[in-house]
Amino acid sequence: MTAFANVSPVPFEGPDSKNPLAFRYYNAEELVEGKSMRDHLRFSCAFWHTMRMNGADPFGSPTMSRPWDTGDDSLENAQNRVRVFFEFCEKVNIPFYCIHDRDVAPEGQSLAETNRNLDAVVKVFKEESSRTGIQMLWGTANMFGNPRFMHGAATSCNADAFAYAAAQVKKMLEVTQELGGAGYTFWGGREGYQCLWNTDMKREMEHLAIFMHMAVDYAKEIGFTGQFYFEPKPKEPTKHQYDYDSAACINFLRAYELDKYVKMNIETNHATLAGHNVEHELDYAGSQGFLGSVDANSGDMLLGWDTDQFPTDVAMTTKMMLIILKYGGFTTGGLNFDAKVRRESFEPIDLFYAHIGGMDAFAKGLKVAAALRASGEFDALLRHRYATWDSGIGAEIEAQKHNFRSLSEYMLNKGEISPNTSGHQELCENLLNRYLF
């Protein structure tokens with residue numbers, strides 16, 4: 001007996017298909033720029049949203065129909081969820097998964113019991129991974145849900161909370177290594193502050209750096225060679241979080257000499273909460289050499305919180321793939337669907353509709369991005385706009401052959417300047433639409 005007995009493995013049927021349980025654009029083995037879609041996109045399913053999200057919100061009780069879930073915190077129920085999870089991933093053709101420790105295994109009465117519970121569930125993950133070939137993209141630790149972390153974890157005013165978080169990450173690094181995870185993510189659920197007057201910001205950020213160095217050191221000790229990621233998030237639940245956006249995170253990593261070990265895990269919805277769009281965050285991280293992985297979701301621009309909706313806007317996915325391809329694509333990272341179905345979409349089949357839609361949106365975005373890159377039209381517009389830097393005084397400045405004195409003399413001789421070219425923003429927007437249409 002399976003949880004999704006009435007759903008067959010999702011096939012690729014092409015753009016003309018009207019089958020809601022078929023891919024129209026995601027053809028895993030199709031080559032784009034010489035690499036398969038599977039390898040370009042590296043889709044991952046988030047266990048926490050897919051298996052644990054019950055539809056509750058601050059204004060309402062759970063709504064989700066999950067017949068396989070008994071609704072209790074028993075170890076048996078946790079192990080069964082894993083089997084259902086892999087059945088789902090297998091049928092929707094997702095090759096990777098991501099997990100939080102506390103979402104896959106129940107907490108016990110002590111840390112030792114909790115660790116034993118996690119070991120028992122990890123055993124099922126290993127069995128299912130071996131059966132299906134589905135691998136861990138990255139692991140992380142839930143250090144925000146339990147009341148012990150009300151003041152944060154690595155940045156808590158309580159040293160015991162810091163120590164507990166360290167023990168938790170130690171265990172999760174071991175689990176990630178055991179499951180063959182390609183990376184580990186620092187996700188700072190409550191690493192920030194509500195009130196500046198009762199907060200020693202400098203001390204808390206130093207503690208965060210100490211914590212991350214401990215993690216890096218322990219990874220070396222146990223031989224874990226996966227990539228570390230730092231996930232920016234500007235707010236929610238705290239007023240200000242130390243991992244506000246890519247720029248803040250990268251500055252932090254460089255200031256505390258962590259930049260050799262950690263890259264960014266960029267989330268679309270977090271970017272908009274920070275007042276950016278996701279392409280800004282991706283391009284900034286990529287330009288600085290820190291682009292690692294992506295939490296693929298979207299937010300509702302009319303709502304001011306992290307709604308974690310599935311990505312279905314092909315214009316957005318195209319812009320994202322243009323930047324991901326620009327910086328060489330994923331190596332250890334991928335597109336993790338850190339997204340949940342709406343609380344009104346309560347039937348199990350909605351999990352399939354949501355992931356199929358997101359996968360198709362990125363597959364189409366990949367193909368449009370590749371076509372744009374092949375045409376060279378955006379590149380030509382960019383070269384034209386910056387043409388004055390490719391020769392003459394511009395090239396000399398970039399080669400650091402000038403100073404203020406020489407540039408002042410240059411302008412005194414040259415006289416007034418005029419704009420060299422229009423920005424052609426509307427032309428750029430029309431060009432993107434031409435390829436989308």
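Annotation: side chain of L31 is in contact with side chain of S36 (closest heavy-atom distance under 4.5 Å). The side-chain heavy atoms of T272 and M301, taken from C-beta on, include a pair separated by under 4.5 Å. Inter-residue side-chain proximity for E347 and S65 is flagged as unmet; no heavy-atom pair is nearer than 4.5 Å. Side-chain atoms of L253 and F290, non-hydrogen and from C-beta on, do get closer than 4.5 Å to each other. Within the 4.5 Å cutoff, no side-chain heavy atoms of R42 are placed close to those of P95. F330 is not listed as a side-chain neighbour of L41, based on a closest heavy-atom distance of 4.5 Å or more. Using a 4.5 Å cut-off on side-chain heavy atoms (C-beta onward), K91 and S8 make no contact. Residues N297 and Q309 are not in side-chain contact: their nearest non-hydrogen atoms beyond the backbone lie 4.5 Å or more apart.
In terms of modelled atom types and a separation under 3.5 Å, the side chain of T132 and the main chain of E90 share no donor-acceptor contact. With hydrogens and angles ignored, the 3.5 Å screen pairs a side-chain donor or acceptor of D101 with a backbone N or O of N142. No donor-acceptor distance shorter than 3.5 angstrom exists from the side chain of N54 to the backbone of M64, with no hydrogens or angles considered. The backbone N or O of E127 lies less than 3.5 Å from no partner atom in the side chain of S130, so there is not a single donor-acceptor pair. Checked by atom type and distance alone, the side chain of H270 pairs as donor or acceptor with a backbone atom of P232 at under 3.5 Å. Proximity of a side-chain donor or acceptor of D360 to a complementary backbone N or O of Y25 within less than 3.5 Å is detected. Looking at H100, its side chain never comes within 3.5 Å of a backbone N or O of G139 through a donor-acceptor pair. Judged by distance alone, the side chain of E178 and the main-chain N or O of V122 form no donor-acceptor pair under 3.5 Å. No side-chain donor-acceptor contact under 3.5 Å links T70 to the backbone of N77.
For F12 and Y26, the ring centers are positioned 6.0 Å apart or more. Taking the centre of each ring, Y229 and F186 stay at or above the 6.0 Å mark. Separation of the Y244 and H240 ring centroids falls under the 6.0 Å cut-off. Ring to ring, F4 and W68 are close: their centroids are under 6.0 angstrom apart. In this structure, F352 has its ring center under 6.0 Å from that of F88.
The closest side-chain donor-acceptor pair between Y184 and Q177, if any, does not fall under 3.5 angstrom. There is no side-chain donor-acceptor pair under 3.5 Å between S129 and Y97. Between the side chains of D283 and Y327, at least one donor-acceptor pair of N or O atoms lies under 3.5 Å. Side-chain contact of D72 with S74: a donor-acceptor pair under 3.5 Å is present, judged by distance alone. N336 and S44 are linked by a side-chain donor-acceptor pair at a separation below 3.5 angstrom, with hydrogens and angles left out of the test. N19 and S17 are not linked by any side-chain donor-acceptor pair at a separation below 3.5 angstrom, with hydrogens and angles left out of the test. Checked by atom type, the side-chain pair N117/E107 shows no donor-acceptor distance below 3.5 Å. Residues W305 and E236 bring no donor and acceptor atom of their side chains to less than 3.5 Å of each other.
Aromatic ring pairs are classed by plane angle as parallel below 30°, tilted from 30° to 60° and perpendicular above 60°; the pair F224 and F228 is perpendicular. Relative ring orientation between F337 and F310 is described as tilted, the plane-to-plane angle lying within the 30° to 60° band.
Here the CG atom belonging to L366 is positioned 7.5 Å from the CD atom belonging to E33, to the nearest 0.5 angstrom. To the nearest 0.5 Å, atoms CG (N433) and SG (C428) are separated by 11.5 Å. Here K263 contributes atom NZ and T185 contributes atom OG1; the two are 13.5 Å apart, rounded to the nearest 0.5 Å. Note: L335 CG to D295 CG = 9.5 Å, rounded to the nearest 0.5 Å. The NE2 atom of H151 sits 11.0 Å away from the CD atom of Q194 when rounded to the nearest 0.5 Å. Rounding to the nearest 0.5 Å gives a distance of 4.5 Å between CZ of R343 and CG of D57.
In this structure, R52 is not positioned above the aromatic face of F47 in the sense of NZ or CZ being under 6.0 Å from the six-membered ring centre and within 45° of the axis.
Other residues, nucleotides and ligands contribute at most 12 non-hydrogen atoms within 6.0 Å of the CG atom of N6. When the shell of 6.0 Å around CZ of F346 is examined, it contains 12 or fewer heavy atoms from other residues, nucleotides or ligands.
Identified under the salt bridge (Lys or Arg N to Asp or Glu O under 4.0 Å) test for residues 161-173, with sequence neighbours left out: D119-K171, K170-E174.
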Apply the test ring-ring contact (aromatic ring centres under 6.0 Å, His included) to residues F125 and F86: give CA-CA distance (whole Å), side-chain angles for both, the deciding distance (0.1 Å), then the verdict. CA-CA 9 Å; F125 268 98; F86 274 88; 5.7 Å; yes
Does the side chain to side chain contact (heavy atoms under 4.5 Å, CB included) test come out yes or no for V169 and F211, once each step is laid out? CA-CA 10 Å; V169 171; F211 189 96; 3.6 Å; yes
Could you walk me through whether Y256 and H213 pass ring-ring contact (aromatic ring centres under 6.0 Å, His included), step by step? CA-CA 9 Å; Y256 292 101; H213 272 292; 8.2 Å; no
Do F96 and C45 pass the side chain to side chain contact (heavy atoms under 4.5 Å, CB included) test, and can you show the C-alpha distance, the side-chain angles, and the key distance before you say yes or no? CA-CA 6 Å; F96 295 100; C45 190; over 6 Å; no
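The residues D308 and K340 are annotated as salt-bridged, a charged nitrogen and a carboxylate oxygen being separated by less than 4.0 angstrom. A salt bridge does not link K326 with E279: every distance from a Lys NZ or Arg NE/NH1/NH2 to an Asp or Glu carboxylate oxygen is 4.0 Å or more. For K18 and E13, the salt-bridge test fails: no basic side-chain N is under 4.0 Å from an acidic carboxylate O. Using a cut-off of 4.0 Å between Lys/Arg side-chain N and Asp/Glu carboxylate O, E128 and R131 are scored as salt-bridged. Using a 4.0 Å cut-off between charged nitrogen and carboxylate oxygen, E87 and R83 do not count as a salt-bridge pair. A salt bridge does not link E30 to R38: none of the charged nitrogens lies less than 4.0 Å from a carboxylate oxygen. Using a cutoff of 4.0 Å between basic side-chain nitrogens and carboxylate oxygens, K233 and E267 are not scored as salt-bridged.
Each of V216, L208, I210 was checked for a side-chain contact (heavy atoms from CB on, under 4.5 Å) with M212, and the lone residue meeting it is L208. Y193 pairs with exactly one of T199, T155, T238 by the side-chain contact (heavy atoms from CB on, under 4.5 Å) rule, that one being T199.
In this structure F362 satisfies the ring-ring contact (aromatic ring centres under 6.0 Å, His included) test with no other residue, sequence neighbours excluded.
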